**Student:** 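What follows is a single structure, and I will ask about it in a moment.
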Number of protein chains: 2
Amino acid sequence: MALSHAILVSLLDRAHSGYDLAKRFDQTVGFFWPVSHQQIYQELHKLAAAGRVRAETVTQSERPNRIVYELTDEGRRALDQWLTEPTEPPTFKEELLVKLFALDEHNRDDLLAEIRSRRQLHAERLARYEAIMAEHYPQPEALNARRRGRYLGLRMGILTERTTLAWCDEALALVALPKAAAAVGSGRPRPAD
Amino acid sequence: MALSHAILVSLLDRAHSGYDLAKRFDQTVGFFWPVSHQQIYQELHKLAAAGRVRAETVTQSERPNRIVYELTDEGRRALDQWLTEPTEPPTFKEELLVKLFALDEHNRDDLLAEIRSRRQLHAERLARYEAIMAEHYPQPEALNARRRGRYLGLRMGILTERTTLAWCDEALALVALPKAAAAVGSGRPRPAD
DNA sequence: CGTCGATATGCAATTTATTGCACAGACAAA
DNA sequence: TTTGTCTGTGCAATAAATTGCATATCGACG
C-alpha cells in the first residue's frame, strides 16, 4: 500500500490539491511510482476518512474550486511508522524485452522500429532530468537531508536513462547485424533458456 | 494484456507445464515481467479456451500429473499480430525512492539500512545474470536472431543491476555524509520539488 | 515420527490499477 | 463557430495483481 504513502510524502513540505499532486507525480515521484489522477483522488478520500490528511475547500471564481489537503499529526506518524517497515522489492516491467524474446528474421524490422522509438523516449527523459538537476541540484553535498533524498531519486532517474539509452544503441546494432559466420575453434555454446 | 503474450513467447521453443513456466519466469522473462504461479495457471486456462494453446495431461505415478501446453497455429498468429502493435511504455516501481523523499536526520539510519540491503539484493542478481551470460552467451554476434533477443534481455538486466549497484554506493555515501558548511560565493540554488 | 521443501495444480477473496466517461467554465486557435 | 486544451474533481466498470488457502505424494532432515 505504498500509494497512500507516496501521497503523504508529497504533502510533507506543503499542502496540495489532488490536481497539484497529479501534476507533481508526473515529474517527480511518478518516475518511480506511476499513479493516475483517478487513483490520487480516490486515495485522498480514504486518507481523509482515516484522519491522515485534512481537507479544505478553496473557493475560486473563474475556475473550479480546489480541495487542498494537508498532513495531520496522525499522517506524520503513519509516515514515520512506514519508514521503519521493510521496503517492498523494486519491480520493472518492459514489454519490449518480452517482445525481443520472439525476435526472428521475419519481425526484425518491426522490433528495430520499436527500439528506435524507445531510444527517443529515453533520450527525452534524460534531457528533462538533466535540466532539473542542473537547475535545482548543483552540489548535492551542500543540500540538507530532505533535499538529498530527492536528489537521489533524480540521480537514479538519470543513471537509469543513460544506461537504457546505451542499451538501445547496443540493441540496434546487434539486431541489425547480419548473422555472423560460424565461430572458429571452440565448439558452440550450449543453447540456453 | 502482455501477460498472455509473455506466456505465449515462453512456449515458442517447446511445450511447458504451468509449473515449468513459473520456474522459467523466475529466471528469465520474470526479470522484466514478474508473474506469480497463480496468474500463470489462470492465464493458461484462458489461452486454452481461446485456442491459442493446446493442453495435454501427462500422467505420472510417484508425483502429481502435469498439464503440458503447446502453442497452436492460432497462438503463433496472435504473437505475430502483437509484435506489430505499439509497445506499452516501461514501468518502474521502487518504494525505497519514495521513502527517500521523506529522508531527514531522524530516519537516516533506517534508510541507510534499507539501502544496504538493496545493495546486497542487486549484487546477488548481478552475479546470477553474469553467470548465465558467461555460460550461455559468450559471443552475441555469433547467435541467431532468436537467441540474440534473449541475450538482449539478459544484457539489459546486467546493465541495470550494475547501475543500481553504483547508485547504492553513491546513496550510502551521500546519506551518511554530515551536512556540509554553506557553499561560498554563488547564491544558494532555488528550492525544487 | 513429525516437519519441511519440492513437485504440481488450482480456487476465492481482496486489493490495486486501468479505462472510459461526466461536468463545467475559461481561453486560444482554426 | 466549433474544436480543443487547461483547470479541477469525481464515478463506475472492468481488468490485473496479490494474498491466502487447499490438496496430495515424495524424500530428506532431525
Side-chain angles (χ1 to χ4, degrees), chain A residues 1-8 15-27 29-30 32-50 53 55-69 85-95 98, chain B residues 1-8 15-27 29-30 32-50 53 55-69 85-95 98:
Chain A
M1 257 259 277
L3 166 59
S4 62
H5 297 110
I7 291 178
L8 293 179
H16 288 284
S17 70
Y19 189 81
D20 288 344
L21 286 171
K23 292 217 314 191
R24 277 169 67 78
F25 265 74
D26 273 351
Q27 306 163 1
V29 202
F32 35 84
W33 206 270
V35 175
S36 67
H37 78 268
Q38 290 95 332
Q39 275 177 287
I40 289 175
Y41 286 120
Q42 197 181 335
E43 193 64 35
L44 282 170
H45 289 308
K46 287 189 201 166
L47 287 170
V53 298
E56 195 173 346
T57 303
V58 177
T59 315
Q60 298 187 125
S61 54
E62 313 282 307
R63 55 187 52 197
N65 293 343
R66 322 172 67 228
I67 303 175
V68 173
Y69 295 88
E85 288 164 8
T87 313
E88 50 185 84
T91 62
F92 171 63
K93 284 199 178 188
E94 172 51 297
E95 192 180 17
V98 182
Chain B
M1 256 258 280
L3 166 59
S4 62
H5 296 111
I7 291 176
L8 292 179
H16 287 284
S17 68
Y19 189 82
D20 288 344
L21 286 171
K23 292 216 314 190
R24 276 170 67 79
F25 266 73
D26 272 350
Q27 307 163 0
V29 202
F32 34 86
W33 207 271
V35 177
S36 66
H37 78 268
Q38 289 94 333
Q39 275 176 287
I40 290 175
Y41 285 120
Q42 196 180 336
E43 194 62 38
L44 281 171
H45 289 308
K46 287 189 202 165
L47 287 170
V53 299
E56 196 173 345
T57 302
V58 178
T59 315
Q60 300 186 125
S61 54
E62 313 282 305
R63 55 186 54 198
N65 293 343
R66 321 172 68 228
I67 304 175
V68 172
Y69 294 87
E85 289 164 9
T87 312
E88 50 185 85
T91 62
F92 172 62
K93 285 199 176 186
E94 172 51 298
E95 192 180 18
V98 182

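The shown structure was predicted, so the numbers you read here are calculated from the model rather than taken from an experiment.
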**Student:** Test B/L21 against B/L44 for side-chain contact (heavy atoms from CB on, under 4.5 Å), laying out the working first.
**Tutor:** CA-CA 10 Å; B/L21 286 171; B/L44 281 171; 4.0 Å; yes
**Student:** Look at A/Y19 and D/dT9 and indicate whether a side-chain polar atom (N or O) is within less than 4.0 Å of OP1 or OP2.
**Tutor:**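 It does not, given that no N or O in the side chain of A/Y19 lies less than 4.0 Å from OP1 or OP2 of D/dT9.
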**Student:** Quick one, A/L47 with A/Y69, criterion side-chain contact (heavy atoms from CB on, under 4.5 Å). Give me CA distance, side-chain angles, the key distance, then yes/no.
**Tutor:** CA-CA 10 Å; A/L47 287 170; A/Y69 295 88; over 6 Å; no
**Student:** Any side-chain N or O of B/S36 below 4.0 angstrom from OP1/OP2 of D/dT19?
**Tutor:**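 Negative; the distance criterion is not met.
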**Student:** Students often get this wrong, so: under 4.0 angstrom with heavy atoms, is A/E62 touching a base, only sugar-phosphate, or nothing?
**Tutor:**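 Sugar-phosphate, backbone atoms only, no base.
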**Student:** Does anyone know the first and last nucleotide of DNA chain C in reach of chain A, 5' to 3', at under 4.0 angstrom to a heavy atom?
**Tutor:**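 That gives a stretch of C/dT16 to C/dA26.
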**Student:** Just N and O in the side chain of A/R66: are any of them under 4.0 Å from OP1 or OP2 of D/dG8?
**Tutor:**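 Checking A/R66 against D/dG8: at least one side-chain N or O falls below 4.0 Å of OP1 or OP2.
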**Student:** Could you pick out which residue, B/K93 or B/I67, lies toward the 5' side of DNA chain C when each is mapped onto its nearest nucleotide?
**Tutor:**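 Per heavy-atom nearest nucleotide, the more 5' residue is B/I67.
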**Student:** Would you say the side chain of A/D20 lies within less than 4.5 Å of the side chain of A/R66, judging by non-hydrogen atoms?
**Tutor:**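 Yes, side chains in contact.
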**Student:** Mind checking what makes ring-ring contact (aromatic ring centres under 6.0 Å, His included) contact with B/F32, not counting sequence neighbours?
**Tutor:**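 In terms of ring-ring contact (aromatic ring centres under 6.0 Å, His included), with neighbours along the sequence ignored, B/F32 is linked to A/F101.
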**Student:** When you look at CD of A/E88, are more than 12 heavy atoms from neighbouring residues, nucleotides or ligands closer to it than 6.0 Å?
**Tutor:**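 Enclosed.
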**Student:** Give a yes or no on whether a donor-acceptor pair under 3.5 Å exists between the nucleobase atoms of D/dG10, that is its base, and the side chain of A/H37.
**Tutor:**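 When only heavy-atom distances are counted, A/H37 does reach the base of D/dG10 through a donor-acceptor pair under 3.5 Å.
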**Student:** What is the bend of the helix from C/dC1-D/dG30 to C/dA30-D/dT1 when you compare the axis at one end with the axis at the other, using five pairs each and rounding to 10°?
**Tutor:**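 Here the local axes at opposite ends form an angle of 20°.
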**Student:** Step through the shown structure and confirm whether more than 12 heavy atoms of other residues, nucleotides or ligands are within 6.0 Å of CD on B/Q42.
**Tutor:**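 Counting other residues, nucleotides and ligands, CD of B/Q42 stays at 12 neighbours or fewer.
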**Student:** For D/dT7, take OP1 and OP2 only and decide whether either is under 4.0 Å from a side-chain N or O of A/K23.
**Tutor:**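 Looking at the OP1 and OP2 atoms of D/dT7, one of them is under 4.0 Å from a side-chain N or O of A/K23.
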**Student:** So, taking the atom named NE2 in A/H16 and the one named NZ in A/K23, what distance separates them when rounded to the nearest 0.5 Å?
**Tutor:**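 One finds 11.5 Å between NE2 of A/H16 and NZ of A/K23.
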**Student:** Please check the phosphate of D/dT18 (OP1 and OP2 only) for any side-chain N or O of B/Q39 closer than 4.0 Å.
**Tutor:**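 Answer yes for this pair, as a side-chain N or O of B/Q39 is under 4.0 Å from OP1 or OP2.
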**Student:** Looking at CG of B/L3 and CD of B/E43, how far apart are the two atoms once the value is rounded to the nearest 0.5 Å?
**Tutor:**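 B/L3 atom CG to B/E43 atom CD measures 4.5 Å (nearest 0.5 Å).
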**Student:** Check this for me: B/Q60, atom CD, are more than 12 non-hydrogen atoms of other residues, nucleotides or ligands nearer than 6.0 Å?
**Tutor:**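 Enclosed: over 12 neighbouring heavy atoms sit under 6.0 Å from CD of B/Q60.
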**Student:** Which comes earlier along DNA chain C counting from the 5' end, the contact point of B/G18 or that of A/Q38, where each point is its nearest nucleotide?
**Tutor:**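 The residue mapped nearer the 5' terminus is B/G18.
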